[in-house]
Colleague: 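Here you go, one structure.
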Amino acid sequence: MADRDKIGVRYCGGCNSRYDRVALVRRLEAQFPGWGFVPARPQAEYAALVVVCGCPARCVNISSLTAPAEKCVYITDEAEFDAACRRLSQAIQPQEE
């Protein structure tokens with residue numbers, strides 16, 4: 001079962017970062033009070049997963065993470081902040097049974 005109040009964060013290696021990825025995640029944290037943004041760990045489950053890529057290559061490896069595609073929010077540029085907030089909001093909505 002997913003940890004209902006945690007959002008996993010996976011950063012790319014940062015070899016070609018074009019923006020401040022950590023600052024962007026801090027902005028996300030401010031937009032989602034009450035949610036814990038934690039480093040994503042293999043085999044752990046989260047309410048959603050934020051994959052922070054420093055450039056459009058999206059080469060970060062998330063194969064060891066267990067998250068369905070609809071719960072993964074990729075960010076490749078700080079200009080995507082508003083869209084990422086919308087996608088993350090949708091991803092953390094409780095699923096109807």
Side-chain angles (χ1 to χ4, degrees):
M1 176 176 260
D3 194 341
R4 299 268 183 228
D5 62 347
K6 302 284 188 233
I7 296 170
V9 178
R10 172 62 59 96
Y11 289 95
C12 70
C15 66
N16 193 25
S17 290
R18 299 175 183 184
Y19 65 101
D20 187 340
R21 297 167 300 143
V22 174
L24 186 132
V25 170
R26 287 188 185 132
R27 288 175 60 200
L28 282 175
E29 289 174 321
Q31 291 292 315
F32 294 89
W35 288 90
F37 285 71
V38 299
R41 303 285 181 224
Q43 310 310 317
E45 293 186 30
Y46 304 99
L49 177 64
V50 175
V51 183
V52 187
C53 306
C55 72
R58 285 177 54 161
C59 60
V60 61
N61 183 353
I62 63 166
S63 64
S64 66
L65 303 177
T66 55
E70 66 272 8
K71 298 287 186 179
C72 292
V73 176
Y74 283 85
I75 304 171
T76 62
D77 186 281
E78 63 187 328
E80 296 176 353
F81 179 77
D82 290 336
C85 285
R86 287 190 299 275
R87 290 190 310 266
L88 185 55
S89 182
Q90 291 172 343
I92 62 176
Q93 291 299 316
Q95 299 296 315
E96 292 185 25
E97 310 231 2

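The chain is numbered in sequence order, starting from 1.
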Colleague: What's the spacing between T76 OG1 and R21 CZ if we round to 0.5 Å?
Modeller: 12.5 Å

Colleague: Is there a side-chain contact between L24 and D20 (heavy atoms, below 4.5 Å)?
Modeller: no

Colleague: Please confirm whether the backbone N or O of K71 pairs with a side-chain atom of Y46, one donor and one acceptor, at under 3.5 Å?
Modeller: no

Colleague: Answer yes or no: is there a donor N or O on one side and an acceptor on the other, between the side chain of T66 and the main chain of A44, under 3.5 Å?
Modeller: yes

Colleague: Using the rule that Ile, Leu, Val, Met, Phe, Trp and Tyr join whenever any side-chain heavy atoms are under 4.5 Å apart, tell me whether L49 and F81 fall into a single cluster.
Modeller: no

Colleague: Do C85 and R27 make a side-chain contact, defined as non-hydrogen atoms from C-beta onward lying under 4.5 Å apart?
Modeller: no

Colleague: Under 4.5 Å between any side-chain heavy atoms of Y11 and V50, yes or no?
Modeller: no

Colleague: For a 4.5 angstrom cut-off between non-hydrogen side-chain atoms, does I7 reach L88?
Modeller: yes

Colleague: Just so I know, are the side chains of V51 and C53 near enough to count as touching, which here means a heavy-atom distance under 4.5 Å?
Modeller: yes

Colleague: Please examine the side chains of P56 and R18, heavy atoms only from C-beta on, and report whether any two atoms are closer than 4.5 Å.
Modeller: yes

Colleague: List for me each residue that meets side-chain hydrogen bond (donor to acceptor under 3.5 Å, both in side chains) alongside R10, sequence neighbours excluded, and say none if there are none.
Modeller: none

Colleague: Are V22 and I75 linked, directly or through intermediate hydrophobic residues, by side-chain heavy-atom contacts shorter than 4.5 Å (ILVMFWY only)?
Modeller: yes

